[in-house]
Structures are given as structure tokens and as C-alpha cells.
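Okay, structure first, notes after.
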Amino acid sequence: MIDIKLIRENPDIVFQAMAKRGESLASIDEVIELDNMHRQLLREAESLRAKRNDVSKQISKMKEKPADLITEMRCVGDKIREIESEVDQIAAKLEDKLLRLPNLPAPDVPQGKDSSDNVEVRSWGKPLEFSFTPLPHWDLGEKLGIIDFKRGVKLSGTRFYVLRGMGSLLQRSLISLMLDIHVKEHGYTEIYPPFMVKRECLVGSGNLPKFADNLYHDAEEDYWFVPTAEVPLTNLHRDEIIAPGTLPINYVAHTACFRREKMAAGKDTRGIKRGHQFDKVELYKFAEPETSDNELSKLVKDAEDICRKLNIPYRVIQLCTGDMGFAATKTFDIEMWAPGCQEWLEVSSCSNCSDFQARRANIRYRPDVESKPLLVHTLNGSGLALPRVLIAILENYQQQDGSIRIPEALIPYMNVDLIK
RNA sequence: GGAGGGGUGACCGAGUGGACGAUGGUGACGGUCUUGAAAACCGUUUUAGCUUUUUGCUAACGCGGGUUCGAAUCCCGCCCCCUCCGCCA
């Protein structure tokens, strides 16, 4: 959520920022109008309440309670209730509009309208030269008997698959490797959160109310399946004031992620690139506003480190204003090269959400004991997304005979050096 | 799922219709005293909104409704925690 005060006092800044994102500007005008109405009604209600409090005090001091005064106050009470219900309605509308406005892009984010305007920041490693035509992972996985697409569909339908034997071990080993590196070398604290959370958690992270159609939901209990560990991690400190000297806080969590992928219907239907359920190791930071930009750089480096340890070529892309996610003020994607399906795979997306989620989830900190609580900055990034790393390993490490070499760093976890 | 008990400020805990945003204690911070520390004593210690120069006003006692001129306090619904029983991994 962006600060209503900013919209109220510097609407031009907000208009310009939203224009950069390619957002419609009409809703900002609506916000301003609702805000004015809201405050005016609030003033009316509050002055009536002040009157009632005052008179009630007087009545409490009187021995004889005058009937006409009580009648008058009864009317005032009715009037207050009337205005309050109006206030509530307007406040709810205002809240909803505000919750649907995306974050403001940082000033140094390249301007653009879609992914074609994104900017490559750096790259590492060179795409391998093959002496044969490298196969896509769906062929490799099926031939090796480590990915079972047919049975995935039998169990759960399209966009589901089963990992089997070495495929399953490979994923499990990758998860352990990533967690170990982030905990032991990068200083993150490992978290195991719930995979189903309450509605307000999704509002806090920015997924609701706007993106309900990408979420799985148990209507009976009002549980929501997490589309990413970012959701529970954001809400770990919801409604808290973080003590002085505690920031930055670094968390890493491995969870399953559940997404309906309605927006992407018909896209990436082949292979394991985009499923309704996938595993991900997520990095998350709570930081002071002054350091969040620097923390984002560190977060990206921490995610990149996994790519390097797996020795897979990658590039880092900065997203332009038009391609950034809803909550982000600045985003870097990491993409691994997949020689079989001949594309760059997004294995990580690292964002600084500034105070956008903190305001929604009411997450604050005290810079020192005496100071007032301020909103923290939150940052998130994959470290990394499992299915796509699996793809990259299968396709980059494939041999002419269809076997897969195991990256050096994974051998201690798998206890084999080849899948065949 | 059933029965009983409970939810008040950073924490403990008082308060059963009127000056209670809330007694008291603990902790924290500042001061007096002290060479320094402890002890003792004095003081300060919630958040948000509105208004803003100050003063000020409003709201919040798990959450949401209701009764009342007036609710932490009475009534209704819900949530959470604890104990016992049942069930389960």
C-alpha cells in the first residue's frame, strides 16, 4: 500500500510513478475523492462524539437526570451511528482502492513498457557448446524415468508431474544444498512456515485483494495456500515493532508453492517449467529504509551464489517499470540458460518492496529506544526455484548418451556423480 | 468434537455502568545521592486518526455487533489460549 499522505499531499509524484508503470490513473482520482469525503465525515462524527462525551460527563454529575437532555443525547447518538455507518462504507471503499494500487517504482528503475525493455546487468559463464543436439528436459526426464508426466496428470490433472527415484533425490539434494549455503555461508535463519495461511496474510503480502484468481483457497475454513514462502515470511512480523539493533533480519524458507496460473493459461504447458505446485527456497529480509537498496544487492548476490556453485551460466536482468511486480519498487531477475528448450529460465526474482508490504502488514521497527516506530522495508527473492534449476541441471549436464552428470557441489548430497 | 477456566498497556496484575487510556508492581529511560556501582528517592514511559502554532478533539481493555445519555464493566455471536475427556500422525 502506498502512503495516503503522499497521495494527498503530492498527487503529482504518484501520478507520474503510476504512469511509468503503465497503470490507469483514474483510480488515484477516486482515492483522493474518497479520502476527502472520509475525512469530512470523520470530522463530523468526532465533533458529535465530543459533544456526547461532554454532556454525558455533566449528566453523571447531576443528581436529577433531566429527561429532555437525555432525549436530545439519544438523537445525537442516532446521528453518530448514522454518520459512522457512512464513514465505514467510505473507509472500506477507500481501503479497497488503496490496496489495489501497486508500489511506486524507485527513481533509478529503467523506464519501459514490458519485458523487452528490461536491462541486462551482468552475466556469468558461457552457454555450453554441445557436440550433439541437446535434448529438452521433458525428453531427458522421461527417458531416464525420473519425471513422470502421465501419472502426474492421472493424479491431479494438467500441470502436475511426479518426480521419481533420482529425480526426486536431485530435487531434495538441491533443497538441502541451497538451505545449507544460505544458512551457513550467507547468515540466514531457516524457517519452516505453514503452507496454508489466513486471508489477512495475503493482504499483507499484496496478493489480495487484487490477485485472488491466482490463489488456491479452502472456502470452508478460509485457508489460503501459499503461492510463495514470501507470504508467510512477510507475516511473521505482522503487527510487531522490531526492537532496536535487530535489523536486518534474514530468513530462508523452503516451501511448496501453489498457483492457479490462470493468467498464464496455455503458456509453458510442456515440461516442469510452470506447474500448479512447485518447490522453492525463498530468501527474505527485513531492513531499515536507509540500507534496503544495499540489502537488495546482497540478496541478489546470495541467490547468484547458488548458480555459481552449480556452475550453470546465468544472467542478471533488471526489470523495467512496466514489467515489475505489484509490490516491488525495484526488481532483479536471475535467469539460467537452458540449452535443451533454448531459453533463459527465470530461477529467481529479487525485489525490494520498500514499505509497501510493511504498511499493509503493519510491520515497524524502532531505530533506537526513544524513537517512534517506523515502517521497515521488506525484500524477497528466490534462492532458487526448484523445477527450473532441475531443468537447467538436466539440460546443461546432459551427455550424448542421455545420462546426466551431477554438479560437483551436489555429489556429497546425492552420493552419485551420474544419473543414467 | 465435548466440558470447564481465561484473554486489560513491553510484562505481571487491579478494576462489574459515570472524571478509567485505565490503581499498583516489574522492566526500560532520565535525574538526585555516590569516586564508581548497588540501594533508596523523584520523574518519564501505548498507538493511530483528525486538527495543527500551541492548545485540543476522537478512537483502541481479544474481534464484531447490541443495550444505554454514557460500556473495560451488562447482553449476543465469533476467535485465541489453558485444563480435562474423546480422536488422531
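Just so we're on the same page: letters track the sequence lines, and every chain starts at 1. Because only heavy atoms are used, hydrogens play no part in the values below, and waters and symmetry mates are left out as well, while side chains stay in.
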Spacing between A:I70 atom CD1 and B:U67 atom P, to the nearest angstrom: 16 Å
Would you mind reading off the distance between A:D68 atom CG and B:C69 atom C1', rounded to a whole angstrom? 12 Å
Which one of A:L299, A:L379, A:N103, A:T378 satisfies the side-chain contact (heavy atoms from CB on, under 4.5 Å) criterion with A:N352? A:L379
Of all pairs that satisfy salt bridge (Lys or Arg N to Asp or Glu O under 4.0 Å), the ones with a partner from residues 7-25 of chain A, not counting sequence neighbours: A:R8-A:D35
For the P atoms, the ones on B:C42 and on B:C81, what distance do you get once it is rounded to whole angstrom? 42 Å
Hydrogens and angles aside, do A:R259 and A:Y216 bring a side-chain donor and acceptor to less than 3.5 Å of each other? no
Is the distance from the ring center of A:F258 to that of A:F225 below 6.0 Å? yes
Using the P atom on both, measure B:U26 against B:G43 and round to a whole Å. 14 Å
Round to a whole Å and report the spacing from CG of A:L41 to P of B:A59. 17 Å
Under 3.5 Å: donor-acceptor pair, side chain of A:S168, backbone of A:G165: no
Taking atom P in both B:A3 and B:G77, what distance in whole Å separates the two? 13 Å
Want to settle it: does A:I59 or A:D54 sit nearer the 5' end of RNA chain B, counting the closest nucleotide to each? A:D54
Quickly work out the A:N362 CG to B:A60 C1' distance and round it to whole Å. 13 Å
If you measure from the P atom in B:A39 to the same atom in B:G21, how many Å do you get, rounded? 34 Å
Describe, in one word, how the ring planes of A:Y188 and A:H186 are oriented to each other, choosing from parallel (under 30°), tilted (30 to 60°) and perpendicular (over 60°). perpendicular
Using the salt bridge (Lys or Arg N to Asp or Glu O under 4.0 Å) rule, collect all pairs that involve residues 190-217 of chain A, keeping only residues at least two apart or in two chains. A:R199-A:D222
Find every protein N or O atom lying less than 3.5 Å from an N or O atom of nucleotides 70-72 of chain B, and list the pairs.
{"unit_1": "B:G70", "atom_1": "OP1", "unit_2": "A:R52", "atom_2": "NH1", "d": "3.4"}
{"unit_1": "B:G70", "atom_1": "O4'", "unit_2": "A:S56", "atom_2": "OG", "d": "3.2"}

Between A:K301 and A:E304, is there a salt bridge with N-O shorter than 4.0 Å? no
Roughly how far apart, to the nearest Å, are B:C11 and B:G65 at atom P? 25 Å
Scan A:K273, A:R159, A:R274 and name whichever one has a salt bridge (charged side-chain N to carboxylate O under 4.0 Å, His left out) with A:E261. A:R274
For the pair made of CG in A:D88 and P in B:G64, what is the distance, rounded to whole Å? 10 Å
So A:H237 and A:F286, would you call those rings parallel, tilted or perpendicular, with 30° and 60° as cut-offs? perpendicular
Please give the distance between the P atoms of B:U45 and B:U52 as a whole number of Å. 26 Å
For A:Y397, check ring-ring contact (aromatic ring centres under 6.0 Å, His included) against everything at least two apart and list the hits. none
Using atom CG of A:D222 as one end and atom C1' of B:C79 as the other, report the distance to the nearest whole Å. 13 Å
Contacts under 3.5 Å, N or O only, protein and nucleotides 47-54 of chain B:
{"unit_1": "B:U47", "atom_1": "OP1", "unit_2": "A:R366", "atom_2": "NH1", "d": "3.3"}
{"unit_1": "B:U47", "atom_1": "O3'", "unit_2": "A:R364", "atom_2": "NH1", "d": "3.0"}
{"unit_1": "B:A48", "atom_1": "OP1", "unit_2": "A:R364", "atom_2": "NH1", "d": "2.8"}
{"unit_1": "B:G49", "atom_1": "N2", "unit_2": "A:E46", "atom_2": "OE1", "d": "3.1"}
{"unit_1": "B:C50", "atom_1": "OP1", "unit_2": "A:R8", "atom_2": "NH1", "d": "3.1"}
{"unit_1": "B:C50", "atom_1": "OP1", "unit_2": "A:R8", "atom_2": "NH2", "d": "3.1"}
{"unit_1": "B:U51", "atom_1": "OP1", "unit_2": "A:R43", "atom_2": "NH1", "d": "2.8"}

Would you measure the distance from the P atom in B:C63 across to the matching atom in B:A10 and give it in whole Å? 13 Å
Counting only Watson-Crick and G-U wobble pairs with both atom distances below 3.5 Å, the stems of 3 or more consecutive pairs that include RNA chain B are B:1-7 with B:79-85, B:10-12 with B:24-26, B:27-32 with B:40-45, B:46-50 with B:56-60, B:62-66 with B:74-78
Within this structure, what is the CZ-to-C1' distance between A:R49 and B:G21, rounded to whole angstrom? 16 Å
Please lay out, stage by stage, how A:H276 and A:F160 fare under the test ring-ring contact (aromatic ring centres under 6.0 Å, His included). CA-CA 7 Å; A:H276 289 307; A:F160 287 92; 5.4 Å; yes
Separation of atom CG in A:D239 from atom C1' in B:G62, rounded to whole Å: 13 Å
B:C78 and B:C88: how far apart are their C1' atoms, nearest whole angstrom? 26 Å
